[in-house]
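Following: one structure in structure tokens, then a few remarks.
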Amino acid sequence: MDEETDFDVIVIGAGFAGAATAFQLLKEGIEGDRILVVDRADPIGGKNMTGGILWGRELDAFKEYLGNWEMDCPGIERCINHKKVGFLNNEDALFIEGRFASWDGTGGTEEPSQRSAWSVLRAKTDAWMAEKMEEAGIFVMAGVKIDQLNIDGLEHTSYDARDLTDPSKDSGVGKAQKWKVDSLPRDVVDKIRNGTITGIVQGGEVMTCKVVVIAEGSNSILTRGYDFDTMLHAQSKDDMLLGIKEIIHLGKERIDERFNCFPGDDERPPSGMAMELALSLYREMSHEAWEKYPNTKGLYPRCGGFFYTNEETVSCGIIVQLKSLPEGLHTYDLYQAFKAQPAIAALIEGGEAIEYGSHLCPEYGLNRMPHRFTRDGAVVVGDAAGLVFANGMQIQGMNYAIHSGKLAGAAIGNCISRKDVSAKALDATYTKSLKASFIFRDLKRFKSATKFLNHPSNFTWVPELLGKTANRVFREIGEEKIPAEKVMLKTRKELRKINKANKKGMGFFGIMRLGLLTRKL
Amino acid sequence: MSETQKIGLFKYDVKNGLGLVGYNIDDHEFAHIIVDIKKCDECSHMMCVWGCPAQCYNFRDQGLEHMKFQYEDCVECGTCFILCDQGAVSWNHPRGGFGITYSHG
């Protein structure tokens with residue numbers, strides 16, 4: 001600790017979590033040239049893919065470095081004042097739509113009246129943030145992938161970086177899987193898993209520091225390799241979602257018009273719409289797949305759709321719960337079904353897809369987090385630590401990433417000034433403040449939301465029943481009218497008949513149970 | 001709307017989608033994902049094939065007898081690593097500066 005290190009802190013990953021950590025460290029009084037931020041993308045942001053909406057004004061804390069980020073940052077696209085949730089089946093779409101004056105930050109009586117959600121395109125956002133970090137004096141390196149962490153008393157050449165995450169030749173199947181690291185000498189493995197982390201290794205070169213911050217995002221190799229999370233655990237399908245999206249270019253004017261957006265002026269960014277949907281689009285596709293691959297018969301893919309307006313483009317995509325993916329269905333074909341649903345097709349009509357991308361989303365909640373957030377000389381922040389909130393009405397991760405970065409920055413600053421960066425000291429500051437923050441309180445309070453979100457009914461008969469019922473209740477075809485409740489019961493009966501696999505949970509008690517789960521959302 | 005779409009079957013032209021993204025492809029010796037394709041012969045579920053959003057895995061679904069994997073189109077999402085429980089997928093990020101580059105994100 002007393003010997004001189006190359007840097008005080010090295011942050012791996014220049015996303016929101018990493019940038020927030022770096023800025024917070026500056027605020028704690030750490031010199032900019034003692035902070036190194038590395039990112040594997042060149043240009044920075046090039047590897048980032050998100051839905052995505054940035055919720056909350058967490059970035060305000062860094063105004064001295066970011067200025068008027070809301071207006072100046074090129075990746076912050078539109079301020080969201082218009083939110084929709086909905087249910088889609090192959091024909092019908094039923095939306096609940098809200099437009100909120102207080103979300104504009106100029107009107108409304110709801111306090112505080114402020115803009116607090118923006119659609120973002122992260123490639124541009126992250127590149128801009130990296131510029132701001134450099135302006136603030138922080139060392140930023142692009143195109144650098146970290147293979148290994150440097151561990152006190154262990155030559156990095158004594159094991160290969162890929163040993164940590166490669167399956168071994170004699171690996172079994174399922175839970176019996178083994179990794180090369182398991183066959184390394186015991187003392188080496190011990191050091192890798194519990195030694196003091198003193199820096200990073202890149203291309204055979206060691207850079208030392210007092211604390212390493214792992215902000216790699218949702219697909220973090222280092223948290224797996226260095227035992228913040230075990231390999232088998234990291235490989236679990238539970239609560240892991242795959243997002244697939246296209247950026248579709250429509251042009252600013254067309255978006256302003258189509259979605260009734262405020263076009264923006266000198267003080268206020270253009271406004272926009274955010275929409276999240278429960279999808280039941282896959283009955284025919286699933287049945288076809290089950291016929292060919294009967295192993296997963298009865299499994300419907302549980303998918304949510306999202307649709308966000310950016311300044312000139314829209315982000316249109318789905319998230320698939322990996323656990324629910326049946327054999328025989330390609331994830332990208334699931335996206336096509338969403339894109340072709342008439343209500344969505346109408347929104348993107350005349351548009352041209354300009355980018356396709358995909359990313360994992362760790363909706364871990366409390367059950368599946370890494371088993372530790374700190375080691376001697378290292379902490380994990382943001383998505384790498386699985387800090388994502390979802391309850392069906394909101395899905396947030398970027399604000400948690402920024403907030404956890406802030407907490408980490410404050411904790412590390414404190415620990416460095418006390419000259420103690422042991423896991424114990426970092427736990428007493430970072431982990432403690434993280435667990436006391438709104439992040440953990442949210443995750444705790446909405447613990448049972450996962451149960452609701454993973455409930456097959458929400459992706460089979462619920463969207464169908466709601467859509468069809470609404471269709472019939474609102475319609476006039478020259479027949480006598482029937483009360484809505486009766487229409488729903490009749491529709492339910494029909495749906496039960498269509499196929500047996502779809503029937504599950506449609507009984508009286510099933511519906512009651514589902515209803516009870518919604519109380520906790 | 002095509003006939004297959006009318007009955008609820010959809011196909012996405014993923015190669016076209018991937019054509020919209022920029023890549024800087026690394027040499028074969030530095031491939032970031034290595035698949036032990038011998039192990040795939042025993043696999044009963046081929047979840048990598050179904051999960052991969054970039055169609056990097058081609059197998060029985062394409063009428064192939066053995067797994068054919070190519071890392072070039074990879075979007076670095078990590079799905080195959082999670083879905084493979086056969087110990088066949090060795091997953092890592094590409095070397096710095098290589099692989100996919102999104103221009104929007």
Side-chain angles (χ1 to χ4, degrees), chain A residues 40-43 45-50 75 90 121-126 143-145 162 165-168 171-174 177-178 219 221 235-237 240 242 244 246-247 281 283-285 288 295 313 322 325 327-333 335-337 340 353-360, chain B residues 1-2 4-14 16-22 24 32 34 36 39 42-47 49-55 60-61 75-79 81-105:
Chain A
R40 67 189 182 90
D42 189 11
K47 298 285 183 188
N48 208 337
M49 167 59 53
T50 177
N90 290 102
L121 292 174
R122 289 295 298 278
K124 290 187 253 174
T125 313
D126 290 9
V144 175
K145 183 201 138 204
R162 286 199 78 125
T165 51
D166 270 15
S168 62
S171 169
V173 168
Q177 285 178 91
K178 280 199 279 181
N219 207 0
I221 287 285
Q235 228 188 358
S236 159
K237 287 190 267 186
M240 190 51 111
L242 173 69
I244 294 181
E246 265 182 351
I247 306 259
L281 305 170
R283 192 191 309 131
E284 277 74 20
M285 289 169 85
E288 199 201 27
N295 271 347
T313 57
L322 286 183
L325 184 69
E327 294 169 30
L329 275 183
H330 288 288
T331 42
Y332 42 81
D333 291 339
Y335 167 66
Q336 180 63 32
I354 55 169
E355 191 165 276
Y356 170 82
S358 181
H359 207 279
L360 286 177
Chain B
M1 196 182 260
S2 73
T4 46
Q5 291 205 6
K6 257 183 210 155
I7 56 164
L9 302 175
F10 299 90
K11 287 261 169 282
Y12 180 69
D13 184 356
V14 64
N16 187 42
L18 294 166
L20 305 170
V21 202
N24 180 15
H32 62 293
I34 299 163
D36 188 349
K39 286 185 179 160
E42 317 254 302
C43 178
S44 62
H45 54 66
M46 310 193 286
M47 281 317 290
V49 170
W50 312 122
C52 176
Q55 212 188 14
R60 291 174 214 129
D61 64 315
V75 295
E76 298 159 32
C77 67
T79 305
F81 164 74
I82 286 182
L83 291 178
C84 178
D85 58 4
Q86 309 286 315
V89 174
S90 146
W91 204 99
N92 215 309
H93 294 295
R95 294 194 300 160
F98 288 98
I100 193 165
T101 302
Y102 293 117
S103 49
H104 300 272

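Each chain gets a letter, A, B and so on, in the order its sequence line appears, and its residues count up from 1.
Between B:M46 and A:E327, the closest side-chain pair of non-hydrogen atoms is not below 4.5 Å. Contact annotation: the side chain of A:Y356 approaches that of B:V14 to within less than 4.5 Å [non-hydrogen atoms, C-beta and beyond]. A 4.5 Å side-chain heavy-atom check between B:K39 and A:S171 finds at least one atom pair inside the cut-off. Contact check for B:I82 versus A:L360: side-chain heavy atoms found under the 4.5 Å cut-off. Considering only heavy atoms from C-beta on, A:T331 stays 4.5 Å or farther from B:C52 through its side chain. With a 4.5 Å cut-off on side-chain heavy atoms, B:L83 and A:Q235 do not count as touching. Considering only heavy atoms from C-beta on, B:F81 stays 4.5 Å or farther from A:T165 through its side chain.
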Table please: side-chain donor-acceptor pairs of residues 96-105 of chain B below 3.5 Å, with sequence neighbours left out.
unit_1, atom_1, unit_2, atom_2, d
B:Y102, OH, A:S358, N, 3.3
B:S103, OG, A:E355, OE1, 3.2

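Proximity to chain B (any heavy atom under 4.5 Å) is restricted, for A:H359, to the backbone atoms N, CA, C and O. Only the side chain of B:V21 comes within contact range of chain A, judged by heavy atoms closer than 4.5 Å. The contact between A:M240 and chain B is made entirely by side chain atoms (from C-beta outward), counting heavy-atom distances below 4.5 Å. A:S168 touches chain B through its backbone: at least one of N, CA, C or O sits under 4.5 Å from a heavy atom, while the side chain does not. If you measure heavy-atom distances from B:Q55 to chain A, the contacts under 4.5 Å come from both the backbone and the side chain. For A:I354, the parts lying under 4.5 angstrom from a heavy atom of chain B are both the backbone and the side chain. Heavy atoms of B:V89 lying under 4.5 Å from chain A belong exclusively to its backbone. Neither the backbone nor the side chain of A:T125 comes within contact range of chain B; no heavy atom of the residue lies under 4.5 Å from a heavy atom of that chain. For A:N219, the parts lying near chain B are the backbone and the side chain together; criterion is any non-hydrogen pair under 4.5 Å. For B:N92, the parts lying under 4.5 angstrom from a heavy atom of chain A are both the backbone and the side chain. When heavy atoms are compared at a cutoff of 4.5 Å, A:A41 does not approach chain B at all. Heavy-atom distances place the side chain of A:E288, and not its backbone, under 4.5 Å from chain B. With a threshold of 4.5 angstrom between heavy atoms, A:L325 approaches chain B through its backbone and through its side chain.
Within the 3.5 Å criterion, the main-chain N or O of A:D333 finds no donor-acceptor partner in the side chain of B:K11. B:Q86 places no side-chain N or O within 3.5 Å of a backbone atom of A:V173 that could act as its donor or acceptor partner. With hydrogens and angles disregarded, no donor-acceptor distance shorter than 3.5 Å links the side chain of A:R283 to the backbone of B:G8.
Here CG of B:D61 is found 4.5 Å from NE2 of A:H330. Values are rounded to the nearest 0.5 Å. Annotation: the span from B:F10 atom CZ to A:L281 atom CG amounts to 7.0 Å, rounded to 0.5 Å.
Annotation: maximal heavy-atom pairing with chain A below 4.5 Å, among B:G19, B:P53, B:S44, B:G17, occurs at B:P53. The most heavy-atom pairs under 4.5 Å with chain A, out of B:A54, B:C84, B:A88, B:G22, come from B:C84.
Listed by chain and number, the residues in a ring-ring contact (aromatic ring centres under 6.0 Å, His included) with B:H32 amount to none (sequence neighbours excluded).
Between B:P94 and A:R40, the closest heavy-atom pair is CD-NH1, 3.7 Å.
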